[in-house]
Amino acid sequence: MTALTALRRKDLLAIADLSPEEISLILDTAEAMKEVGERPIKKVPALRGKTVVNLFYEPSTRTRTSFEIAEKRLSADTLNIAVASSSVVKGETLADTALNLEAMNPDMIVLRHSSSGACHLLSRICKSAIVNAGDGMHEHPTQALLDAFTIRERKKKLKGLKVAIIGDLLHSRVLRSNIQLLTKMGSEVWVCGPPTLMPAGIAQFGVQATSVIDEAIADADVVMLLRIQLERMEGAYFPSLREYFSVFGMTEARLKQAKSDVIIMHPGPMNRGVEIASEVADGPYSVILDQVANGVAVRMAVLYLLAGGANDEAAA
Amino acid sequence: MKRLLKGGRVVDPVNGIDGVHDILIDGDRIVRVGRDLPVDGAQVVEIPKGLVICPGLIDMHVHLREPGQEHKETVATGTGSAVAGGFTAVACMPNTEPVNDNANVTAYILARAAEANLARVYPIGAVSRGSRGELLADIADLRRAGCVAITDDGHPVATALLLRRAMEYAGMFDMPVVEHCEDQTLKGDGVAHEGFHAASLGLRGIPGACEALGAERGILMSELTGSAFHVAHMSARASLRAVRNGKAAGIRVTCEVAPHHFTLTDEALGTPIPYDTNTKMNPPLREAADRDAMLSGIADGTVDVIATDHAPHHYDEKNVEFDRAPFGIVGLETAVPLALDRLVHAGVIRLPRLVELLSVNPARILRIPGGTLSEGAPADITILAPDLKVAIDAAALRSRSKNTPFNGWELRGGVAATIVGGRTVYVNSQVGLNL
C-alpha cells in the first residue's frame, strides 16, 4: 500500500471523519510547512490563484490570524468576513450567505460558527472546500491537529502517551476534536472536570473520565487545560472561580504527580489563576506558545492537502 | 345512496369483530355489518383480498397552523394530508396566531374545516389566554364553540397551580387536559436528547427526566382533582413508568406516543445526514432504551394512543443551523406505514390493537364520535393495505410542508382509502379499489 499524498475529501469538517493515515499525512506535511515559515522569504506558490474566504461568525483573534497567515504563506488570495452574531438574527441566513459566496467561486471557505454542525450545512450547499475553524461545541479539527503536532514534536510519538485534558469538557469543541484524534492515534486519554461539566455518555467516547484531578494527572505525559468561562458560574456549573481553581486549577504542586518531562498545553485564551496558575503557564513545561506557532504550519498543511496536495503542485 | 363494501377483513375492536364481513352504508351512516349481506339495490364495492376495513383513524395531536402560519399548513392542506394518511378526523392544537383561546378562533377553524370538507376537525383550545400561563382561557366558551380538550401545547402549563385550576374547571365539562410535559428549567436551551449522540455532536441536551417531571406533575394534579389528564407525545421511559404507576393507582391518566418516537433514536442526529434538522423535534428522539420502552408500552397496553404531533414547518425555516431550526416534523402521511411496518409486521402488536391505538382510544379520550363501525355510527372508515409496499417521498406529501426524516424509506403497509361520513375522500391509486 502506498502512502497517502493527498486528502481525498472535499472538506475538513471533523476529526471524526479522518482516518489515522490522513491524520499522519497532515502532521507529516505540516513539518515541511513549518520549515517554510522559518525561511527568510516565507512564501510558496502552492495556492497561487486560489481564493480562500475566512468566514467568521464568532470573534476570534488567534485562529483567524493563524489561518490568514497560513493562506498568505501559500500565496492564496484571502479575504476575511467577520459577521457579528447579532446581525444574523435579522439578516441573511447562513444558507443564503453560502450561496452568495459560492456565486463568486471561491476555492475554500474557512468557517467559524457558534452553532454545532454549521459547517455541515455549508458543506451541503457549497462546491468549495469547507474547513471547519470551530463549530459550536462540536469540533475544532485544526486545533486538535496542531495539538497533536506539538505533542509529536516533543514526544516523537502519540501512541501510548497518557494525555490528561482538564476543564470545561461539556462545552469544549477542542475536547471533542482532541478525543477523536488522540484515541485514533493510540494515546490513552483521560478527561477531568466537575460532573456538571462532563458530557453525557462520556464513557462511550473511549476515554477515562474522572473528577479526581490527581488520577488524571498521575504519570501523565501531556496535561492540557481547557478554558473556564465566567458565564459557567452563572449557570451553576460550579460555585466560584476561586473554588474551581482550588479543586481543578493546575499548580506546580499538582504537576509533580505527572511525568518529569510532562508538557503543559492550552488552546487559549487562558484564564490565569482559574484553570492554570501563571507559574505553570509560563514555566519550563509549557508549550503553549509552540502550539500557536505550530498552528500556522498545520493549517498550511490542511489547506494545501485539501487543494490537492502533491497532485497539484509541489509545496516548496 | 347505499353502498355495500363487500368481502374485506373488518377489524372493529369495540364490537369484537375481526373477520370477513360486509358493511352497508346509507348516506353518512353505517347501516349494517354482517356476513353476506343482501345487495338490496346498493352499489356494491368489492374489497380486494388482503385489505382491512377499520373504523376511521383519529389523530388527536396535529398542528394545522391556521390561522396565522398558512405558509406552513392550512386547515385545507392539513386535512388533505390527514385523509391521504388514512385519518378521518384530527384534533388540532391551539398554538396558532392568534392562539385558539376563544370561541372566534375555534369557529374560524371549524369554518375552514367545513370548506375543505375532508377530515373532521376537532379543535383543542388553550388552557390559558394566549397560552401565556397566567389567566384561564374562556373554557366554557371554547367548549360550546366545539373544542374537545384544552392544552397549552408547545409549552407546559406554566405552573402547577394553573394546571390544577384548569383541570378542576375543565372537569366540569369532562374535558381532558392535554399536557406538553416538560420542566422548562431542566430543558434550558437543549435541542436534542441528552446522551452520547448529542454530546459527540456538540448539541445541548434535554434529559428524559425533563418530560417525566411534567408527566408526574400532571398525574399528581389528576389525582388531586379527579379530572382526566392526557400526556401528549410521550418519549421517555421515566414518563412511561409514571403513567404506568398512575394507572395502577387508579388515576385518570392516558398517554400518546408519536411514530417517530417508536421508530427512531437519537442516533439519527448524526446519520445518515449529520445535523439533519428533520431529526429535531420536541420532545427529542430519545436513546434506544426509551424507544424500546415506548414499544413495550404500546405492546402491554400502557400507551393508549398513537398520535403524530404533525408539526409542519417551511423548508426555509428548517434549512438553518440545527440549534436555530424549529422543533417538529410532519407525520400524518407516514404514521400508518410506520405503524404497520414497525408495530404490526414487526410483531409488537396485532391489527386490532393498532385500531385501538389509532381510532378507538382517541375517540374515547376526546369523547368524540367514531372509533367503531357500529350500526348507526357515522360512516368514517379507513381501508388499510397492510402488505402494500410504500416508498416515502417527501416531495409527494400532500401537506404543505415536507419536513420528514423518513424521506426515501421503504415500508410495508399503507392506506388504501379513506371514507368520511360515507363520502370517499381519498383513494390510493396504487391499490385496485373502485370506490
Side-chain angles (χ1 to χ4, degrees), chain A residues 11 13-17 57 85 88-89 91-99 111 113-125 132 134-141 169-177 179-180 183 191 197-207 209 235-237, chain B residues 184-210 236 238 265-280 284-290 313-327 403 405 407:
Chain A
D11 310 307
L13 305 182
I15 300 292
D17 302 333
Y57 282 85
S85 306
V88 177
V89 180
E92 194 172 58
T93 63
L94 180 60
D96 276 334
T97 303
L99 288 170
L111 179 73
H113 198 287
S114 60
S115 294
S116 300
C119 51
H120 294 76
L121 177 65
L122 207 65
S123 161
R124 284 197 283 271
I125 295 170
N132 182 6
D135 63 324
M137 305 173 354
H138 176 227
E139 280 222 33
H140 190 354
L169 309 171
L170 181 61
H171 301 95
S172 177
R173 54 191 171 213
V174 175
L175 174 84
R176 286 168 178 77
S177 284
I179 287 178
Q180 285 289 342
T183 55
V191 300
L197 290 172
M198 197 76 82
I202 188 73
Q204 290 169 262
F205 280 77
V207 299
Y237 290 101
Chain B
Q184 294 199 294
T185 64
L186 198 55
K187 181 192 172 207
D189 49 8
V191 296
H193 173 64
E194 183 173 294
F196 169 71
H197 294 287
S200 56
L201 291 165
L203 298 172
R204 291 173 196 270
I206 306 172
C210 177
T265 67
D266 56 353
E267 199 178 352
L269 296 165
T271 180
I273 305 169
Y275 301 97
D276 181 0
T277 54
N278 289 328
T279 63
K280 180 178 177 181
L285 296 175
R286 300 281 181 196
E287 61 199 56
D290 291 302
H313 291 295
H314 192 272
Y315 171 80
D316 288 338
E317 296 166 318
K318 280 288 199 179
N319 189 30
V320 295
E321 300 87 324
F322 192 91
D323 54 0
R324 290 170 195 260
F327 291 102
N403 50 312
N407 187 35

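Labels below follow one simple rule: chain letters A, B, ... track the order of the sequence lines, proteins then strands, and each chain is numbered from 1.
- For B:T265 and B:E287, the side-chain atoms include no donor-acceptor pair closer than 3.5 Å.
- Across B:G188, B:P207, B:G195, the residue that shares the most heavy-atom pairs under 4.5 angstrom with chain A is B:G195.
- In this structure, the side chain of B:K280 engages the main chain of B:A325 through a donor-acceptor pair within 3.5 Å.
- Within the 4.5 Å cutoff, the side chain of B:L203 has no heavy atoms near those of the B:H193 side chain.
- The stretch residues 268-277 of chain B participates, sequence neighbours left out, in these side-chain hydrogen bond (donor to acceptor under 3.5 Å, both in side chains) pairs: A:H138-B:Y275.
- In this structure, no portion of A:D96 lies under 4.5 Å from any heavy atom of chain B.
- With respect to chain B, the highest number of heavy-atom pairs below 4.5 Å among A:R124, A:E139, A:Q180 belongs to A:R124.
- With a 4.5 angstrom heavy-atom cutoff, A:R173 does not touch chain B via any of its atoms.
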